[in-house]
Number of protein chains: 2
Amino acid sequence: MCTMAATTPQPGLRERKKIKTRTEIRRATYALIAEQGYDATTVEQIAEAAEVSPSTVFRYFPTKEDIVLTDEYDPLLARELRARPAGEPVLESLRYVIAAGVRMANADESDADEMRQRTALMVSVPALRSRMMESMSVSAHMICEILAERCGRESGDLEIRAYTMAVMGALHETTVYWAEHGHQDDLVELVDRTLNTLRDGLPV
Amino acid sequence: MCTMAATTPQPGLRERKKIKTRTEIRRATYALIAEQGYDATTVEQIAEAAEVSPSTVFRYFPTKEDIVLTDEYDPLLARELRARPAGEPVLESLRYVIAAGVRMANADESDADEMRQRTALMVSVPALRSRMMESMSVSAHMICEILAERCGRESGDLEIRAYTMAVMGALHETTVYWAEHGHQDDLVELVDRTLNTLRDGLPV
DNA sequence: TGTCTTATGACAGTAACTCTCAAAAGATTG
DNA sequence: CAATCTTTTGAGAGTTACTGTCATAAGACA
């Protein structure tokens, strides 16, 4: 039972188990929350459902909120954004990149489901909403660096930071709007309207 | 600061005591945090320093975070904003109102101190930052209603909501910037630059 | 003064974490 | 294959933010 992993970048059994445990905890969490709601779901229950100890749950996720909120789209978004032509207006780059991201999430049915559940939770659980905003500011930081590069400025520039946070805030509100309206609208279209408003200002 | 009890022209002893307790809890909290930091300060210590029971602390403030974050500027801001002429561009109204608010806070030295301490905490304690963002979205909701009124739209309009959150996000980032740079810049000037960026877009 | 209402403190309980330590499981080497 | 080393896990004890209840104290009012 000896697999040589020296030359091939094949992940060892340990790594594979870790990934399995991680996804299992998340799966169990989403299932329990769908049944009982967020607050009524304890970490102990999650641990039991995922067949690990509570200690292990906290070893994989620093807080209960993080089990729900972990979001791996950032690196993807960064790559796409860097790939956009330098001359393109910032808002148009973002428009393109976000549309691509949403379409990709929609392509996989379970991804789309999870996104809907997550945004719905964001609306109903205040603690999750504020954590989501926090993670939004993390994404904003990353975008700042890309934009600063493109504009030939410091990434710490007030103008860059403020503008980026403005965009992120608007997009966050857009997804909240989407969730509040039962995910009936087309998210890409909503994002389009939002970015238009940012570009043109509020019509008086 | 001012009580809502408009029915009784004279605040009874009970009301006065309540206000005193509330401010005392806040004062004790800020003092302890300045000494030991936010996390190291327990509600029990706060209660002891304020000479009340822990139960009472939680009766006045739903969470420890709220002791720090309670922010009574919203109603003031709303009043000022409604007073702006209807024809004025939205960003200019906000510019005026925010400048007035900042100048008012600067007028009182202890208010200014508290604002500096609060924003500094916002930078150093993640939990507080995200809660602050949450309260930002509450303010945004209020501003939405005023703007909707002025623009003759529904306050639930996507465009209004997204635009308002954009502005709030940018302003939040501006105060974070201010705190990160040791409160050395003039906040009014920073806000001006931010609002200009929102108006003109990012200079390429 | 007596009664009615509201604020308070004591206490018990829950649940999200944190820390520590020994045992189990995977990786590695002779 | 066995022995050893490293990483992951679970168990358990402890902290703290918060919740709910109830008797008592303090202010309001007649």
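These numbers come from the heavy atoms of this one structure, side chains and all, not from hydrogens, waters or symmetry mates. Per chain, numbering begins at 1; letters A, B, ... match sequence-line order.
- Looking at T119(A) and T175(A), their side chains never bring a donor and an acceptor atom within 3.5 Å of each other.
- The interatomic distance linking K20(A) (NZ) with dT9(D) (P) rounds to 12 Å, in whole Å.
- E24(B) pairs with exactly one of R26(B), R22(B), R27(B), K20(B) by the side chain to side chain donor-acceptor pair (under 3.5 Å) rule, that one being R27(B).
- Counting to the nearest Å, the P atom of dT8(C) and the CD1 atom of I25(B) are 8 Å from each other.
- Defined by atom type and a distance below 3.5 Å, a donor-acceptor pair is missing between the side-chain atoms of T197(B) and T194(B).
- Salt-bridge formation is detected for the pair R95(A)/E92(A): a Lys NZ or Arg NE/NH1/NH2 atom is positioned less than 4.0 Å from an Asp or Glu carboxylate oxygen.
- The CZ atom of F61(B) sits 15 Å away from the P atom of dA7(C) (whole-angstrom rounding).
- R22(B) has its CZ atom 13 Å from the P atom of dA7(C), to the nearest Å.
- Around OH of Y96(B), the count of heavy atoms belonging to other residues, nucleotides or ligands within 6.0 Å does not exceed 12.
- In this structure, CZ of R131(A) is placed 13 Å from C1' of dC17(C), rounded to the nearest angstrom.
- Judged by distance alone, the side chain of S137(B) and the main-chain N or O of A140(B) form no donor-acceptor pair under 3.5 Å.
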Letter by letter from the 5' end, nucleotides 19-30 of chain D scores (B base, S sugar-phosphate only, - none; protein heavy atoms under 4.0 Å) B------BBS--
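- Checking each of I46(A), I67(A), V68(A), D39(A) against I33(A) for a side-chain contact (heavy atoms from CB on, under 4.5 Å) leaves exactly one that passes, namely V68(A).
- Contact between the side-chain N/O atoms of Y60(A) and the OP1/OP2 oxygens of dT9(D) is found at a separation under 4.0 Å.
- Of the N and O atoms on the side chains of S93(B) and R150(B), at least one donor lies less than 3.5 Å from an acceptor on the other residue.
- Cation-pi geometry between K64(A) and Y38(A) is met: the NZ or CZ atom falls under 6.0 Å from the ring centre, inside 45° of the normal.
- Taking atom CD on E51(B) and atom C1' on dG9(C), their separation rounds to 15 Å, with Å as the unit.
- Near DNA chain D, meaning a heavy atom under 4.0 Å away, the residues from residues 27-45 of chain B are T41(B), T42(B), V43(B).
- A sub-4.0 Å separation between OP1 or OP2 of dA15(C) and a side-chain N or O of K64(A) is absent.
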